[in-house]
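Read the structure below first, then the notes.
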Amino acid sequence: MHDIRLIRENPQAFDAAMARRGLDPLAAQILQIDGSRRATQTAMQEAQARRNEASKQVGEIKRTGGNADTLMAEVTALKDKMAELEAKEKELGTQLDGFLSGLPNRLADEVPLGKDETDNKELRRHGTPPTLAATKQHFELGEELGQMDFTNAAKLSGARFTMLTGQLARLERAIGNFMLDLHTSEFGYTEVSPPLMVRDEIVYGTGQLPKFAEDLFRTTTGLWLIPTAEVPLTNIVNGDIIAAEKLPLRLTARTPCFRSEAGSAGKDTRGMLRQHQFYKVELVSITAPEESVAEHERMTQCAETVLKRLEIPFRTIVLCSGDTGFCSTKTYDIEAWLPGQNAYREISSCSNCGDFQARRMNARYRSAGEKNTSFVHTLNGSGLAIGRCLIAIMENFQNPDGSVTLPAALRPYMGGLEKIEAVKA
RNA sequence: GGAGAGGUGGCAGAGCGGUUGAAUGCGGCGGUCUCGAAAACCGUUGUGCGUGCAAACGUACCGGGGGUUCGAAUCCCCCCCUCUCCGCCA
């Protein structure tokens, strides 16, 4: 959500910022609605002031036993006008909010201009893609291992579901545990096990509503299944005023994520790269405004460390203006090397949302002794997507016989197992 | 799912149709006292929005939304949430 005052103060700057998002100038239209809303509000408040004054007089006259009929009639007459002004004010307010809540965040200055993912800029690489005798994709490996079952998943639930069994199922659990342990014990994140179903206003707070409702699943009771733990973790501060000394808040959670994947029909249909349901370890930070840029770098490092420990080659990119998400001022994607696809694929996305979500959530902080509050900054990042991490491990550590060697960091979580091999038929 | 109780300022807790943005206590801030501190005492202490250069003024807010009334924290309706008991259940 944008600050209407900033738009009033500098409409040209606002239009320039939105232009970087590929939007036509909007400030004039917004300010026109804003202006007439304020004029209506002033008129309404003047009428209310008169009503309050007259009503007070009525009370006094009645107490002394006088006749207040004239004044009462005046207020009655005022009511129609007031109702009208109130309705108009509300309508203009709704219009303005609807307008503003549908606009994406301003981008950080250094975000490169670009149209789509082809204009993203690579920042750094780590590790060397392995030279493999034979290269199979994860779903070939998984099915040969007899532990990745798309047939039964489809029987149970249709397309875009996977069922893991045996050591692969355990590996999924091990990866999540490994990531949570790393973030909590080495990076100071607090583990959270949040609700997976949330209310309208919560999904609004992190910006998925109103614009992206079709990407989400909704229960018959009107709750939304979370598309990422970013939603419950960030909204923990919804409506709160936090003491400055408690910042930054660093939270992590491993949760299932539910996504309708509307609009991605035909994309990544094979395998478990793009599913309606997947596990992810999420990182969320709530910071003071001046800390968020440094926190963004730190968070990205935390996510990169996971891949370093797992010995998976990756690269880190900064998304261009056209590819940066709705709420974000700046986003780093980390892409893991997938030998089966001979490409780097997204496995983490770390965003600094500035005060954009905080405004929607009305999440503020107060410094000790200060009277005023300010909006916090919010950041979120995957640390990492578990399903995609499993794929990366399988493809990078595959052996010619179809078995998968486990990276050393995961073996303690696998009961010392060094290699996943095919189950006996 | 059934029955009941309740949601008021940072917290606790009064108020139940008019001068109540809201008693009182705690906490916070400022001061007196003190070498300093504690205690005591005095004063002060909500937020959003609008108008205004400012001082200031106005307005809204007692879970949320409607309604009754000249006037609503107070009366009525709907919704949400919390708690207690019963039922069911991982």
Would you say rU47(B) has OP1 or OP2 under 4.0 Å from some side-chain N or O of Arg364(A)?
no
Out of rG71(B), rG18(B), rA60(B), minimum distance to the side chain of Lys62(A) belongs to rG18(B)
Please determine, for the side chain of Ser55(A), which listed nucleotide (rG18(B), rC49(B), rU47(B)) has the closest atom?
rG18(B)
Where the side chain of Thr76(A) is concerned, which of rC70(B), rA60(B), rG50(B) is the nearest nucleotide?
rC70(B)
For nucleotides rG10(B) and rU47(B), find the distance between their P atoms and express it as a whole number of Å.
8 Å
Pick from Thr324(A), Thr329(A), Leu113(A), Thr331(A): which one makes a side-chain contact (heavy atoms from CB on, under 4.5 Å) with Leu107(A)?
Thr324(A)
For rC81(B), take OP1 and OP2 only and decide whether either is under 4.0 Å from a side-chain N or O of Arg199(A).
yes
RNA chain B: Gly59(A) or Arg37(A), which has the more 5' nearest nucleotide?
Gly59(A)
If you check the Val58(A) side chain, which of rG18(B), rG71(B), rU47(B) turns out closest?
rG18(B)
Report the nucleotide, chosen from rC70(B), rC49(B), rU51(B), that has the shortest atom-to-atom distance to any side-chain atom of Gln45(A).
rC49(B)
Using atom P of each nucleotide, how far apart are rG64(B) and rA54(B) to the nearest Å?
31 Å
Arg38(A) side chain N/O closer than 4.0 Å to the phosphate oxygens (OP1, OP2) of rU51(B)?
yes
Grab the CG-C1' distance between Asn238(A) and rC81(B) for me, whole Å please.
15 Å
Looking only at the side chains, is there a donor atom on one of Thr378(A) and Gln357(A) sitting less than 3.5 Å from an acceptor on the other?
yes
Gap separating the OG1 atom of Thr287(A) from the CG atom of Leu247(A), nearest 0.5 angstrom
7.0 Å
Please round to the nearest 0.5 Å and tell me the distance separating atom CG of Leu85(A) and atom OG1 of Thr40(A).
7.0 Å
N/O (side chain, Arg8(A)) to phosphate O (OP1/OP2, rG50(B)) under 4.0 Å
yes
Between rC70(B), rG58(B), rG65(B), which nucleotide gets closest to the side-chain atoms of Lys90(A)?
rG65(B)
Among rG50(B), rC81(B), rA60(B), the nucleotide that comes nearest once only the side chain of Asn52(A) is considered
rA60(B)
What does rU68(B) pair with, Watson-Crick or G-U, if both distances are under 3.5 Å?
none
Are Arg360(A) and Tyr204(A) in a cation-pi setup, meaning NZ or CZ lies under 6.0 angstrom from the ring centre and within 45 degrees of the ring axis?
yes
Candidate nucleotides rC70(B), rG50(B), rU59(B), ranked by approach to the side chain of Gln48(A) - the nearest
rU59(B)
Whole angstrom value for the distance that separates P of rG58(B) from CE of Met82(A)
17 Å
Assign Arg359(A) to base, sugar-phosphate, or nothing according to its heavy-atom contacts below 4.0 angstrom with the strands shown.
nothing
Asp333(A) and Ser349(A): side-chain donor and acceptor closer than 3.5 Å?
yes
Select one nucleotide: of rC81(B), rA60(B), rU51(B), the one nearest the side-chain heavy atoms of Arg51(A).
rA60(B)
Interatomic spacing from NZ in Lys115(A) to SG in Cys320(A) - rounded to 0.5 Å:
9.5 Å
For Ala49(A), which contact category applies under a 4.0 Å heavy-atom criterion: base, sugar-phosphate, or nothing?
sugar-phosphate
Pairwise P distance, rU24(B) and rA14(B) [rounded to whole Å]
15 Å
Between rG63(B) and rA5(B), how far apart are the two C1' atoms, rounded to whole Å?
16 Å
Quantified in whole Å, what is the C1' atom distance between nucleotide rC88(B) and nucleotide rA3(B)?
15 Å
Is any N or O donor-acceptor pair between the side chain of Gln41(A) and the base of rG50(B) shorter than 3.5 Å?
no
Taking only the P atom of each, what is the distance from rG48(B) to rG43(B) in whole angstrom?
28 Å
Suppose you measure atom C1' in rG46(B) against the same atom in rU34(B); what distance do you get, rounded to whole Å?
34 Å
Please state how far atom CD1 in Ile4(A) lies from atom C1' in rG50(B), giving the value in whole angstrom units.
14 Å
Under 4.0 Å between a side-chain N/O of Lys56(A) and OP1 or OP2 of rC70(B), yes or no?
no
Provide the distance between the two P atoms, one in rU59(B) and one in rG71(B), to the nearest whole Å.
15 Å
Applying the 3.5 Å cut-off to both distances, the Watson-Crick or G-U partner of rC83(B) turns out to be rG4(B)
